Amino acid sequence: MDQSQREFTFADTRERLARALDAYLPGEEYRAYYRWALSAANPDRELFCRINALDQLANLTASVLAGLDEGTDWPTLVGHAAPVNLYQVFEVVSDNLGIGLAAPGADPVRRELVLAFDAEVAAELRSPTGRPATELLADLRRPASVVSAFEQSLRPKEHRMVARRYADGPGRPTVDELDATVWDGLVANVESGRDVLTALAGTRTEPIVRDRTVYRYAAVDRTLGASALSREELLETSVHTILVTPTLGYFASVFGEILSSDPGYPAVLADGSLVAAFDTAALLVRLLNDVGTPLLEMSRAERAALVDGLRPRFAENGSDSAIPLLAAASGAVPALNRLRKDLIHGELNVCLYEVHRATGAREGLEVFLDVLELCADRYARARKLFASQLSGLDTRLRERRGVEVARRFVAFHERLYSRPYDAPRSSGDYAI
């Protein structure tokens, strides 16, 4: 990754975000705070950008697009990436509402808020009305007002620290008022998502990106609304709870339709081979996000030995669930660090879904190892399939940059999810 290109991407995305706030955020006071937080007037601007995904999005964009600006220039290419990047910034808001909902029956009020939001967005995507997001989500304003925006994040202390610095100024809103802004973020989520589809208007890919974005909201509803899913159902559904296929579809359209015209592109789109490869990428990223690269790439014997090493902790743990045991171990065993995020924050994780529902710590660990082996097997098979799919697309397309983006996208997440999510000065996670 070229560091100068990365720095340009970061600064350009930050400036575009600041300019978009008038269109995205309905609350004047919160809009003023957000604009200040992105500006040089904020001594903690670097921190604010990091905890709001801008750092990691710049890393991702610069990594997947490096050297692909032939026939154009880097600023133009980054400009094409801007709509999807701004959408990802505000997608964090709705994604964070899922924190703490992994256990069955957890926080039914907030669960209903997520389900209602997803239903509204999916309905609008299926049959666009063009109504402002403030109207679409008007009924959600009251239930959203009781949810803490800061606590529903991976970095609540840091969010409060930045807000407190701003609130100390004369005539400014209080920290509590800045905290009660979940609804504003959901409105921005809808409006920024519309901009992604607007950027693809008239392309062959737009209907696919739209449909797969609908899948995302429907899949989240299924994981939250169903009392229990089988392992196969969970894996299939969880692939669509993230925005990998829509994101890769977006970049494929940029290269295959907007910046150039490839006669082979309509065919790979029409026969489903392009989307199939992107769905495989989504499965890989889902498994990497939930399990982590080290655990997935261990041998079966190494994984079994790791879980066996946790069994002696039964006596000292004294819990009737394996969740506290795994949470404690995840802080001491590096290979479990990716699980630590979801264990600590109570987020959906394909490896932990059944563990939350197991009877007792012993059964929970047995289930954990079984599902871990399933995930590792699927990951190994998906990697081979993905390589074959991309190779096939390379032979059919003259414009191969969209395929290369997909290849680099998975490689980026392999590197990202091999490192501790909570490492000091980490660029953090984001809501892909």
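Because only heavy atoms are used, hydrogens play no part in the values below, and waters and symmetry mates are left out as well, while side chains stay in. The structure presented is a predicted model; accordingly, all values stated were derived computationally and were not measured.
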So Phe48 and His159, would you call those rings parallel, tilted or perpendicular, with 30° and 60° as cut-offs?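 Geometry flag for His159 against Phe48: perpendicular rings.
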
Parallel, tilted or perpendicular: which one describes the rings of Tyr34 and Phe90, with boundaries at 30° and 60°?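 Geometry flag for Phe90 against Tyr34: tilted rings.
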
Does the pair [X]/[Y] count as a salt bridge with the N-to-O cut at 4.0 Å?
X: Arg286; Y: Glu236; result: no
X: Arg35; Y: Asp22; result: yes
X: Arg212; Y: Asp279; result: yes
X: Glu124; Y: Arg131; result: no

Could you verify whether a donor N or O on one side chain and an acceptor N or O on the other, from [X] and [Y], lie under 3.5 Å apart?
X: Thr174; Y: Asp176; result: no
X: Asn289; Y: Tyr417; result: yes
X: Thr247; Y: Tyr87; result: no
X: Asn59; Y: Gln56; result: yes

NZ or CZ of Arg172 within 45° of Tyr33 ring axis and under 6.0 Å: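 No, Arg172 does not lie over the aromatic ring of Tyr33.
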
Lys NZ or Arg CZ of Arg357 over Tyr353 ring: under 6.0 Å, within 45°: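 Yes, a cation-pi geometry holds between Arg357 and Tyr353.
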
May I have the step-by-step check of salt bridge (charged side-chain N to carboxylate O under 4.0 Å, His left out) for Asp12 and Arg16, ending in yes or no? CA-CA 6 Å; Asp12 183 76; Arg16 288 176 184 271; 2.7 Å; yes

Main chain of [Y], side chain of [X]: is a donor-acceptor contact present, judged purely on distance under 3.5 Å?
X: Arg408; Y: Ala66; value: yes
X: Ser253; Y: Gly249; value: no
X: Asp179; Y: Phe150; value: yes

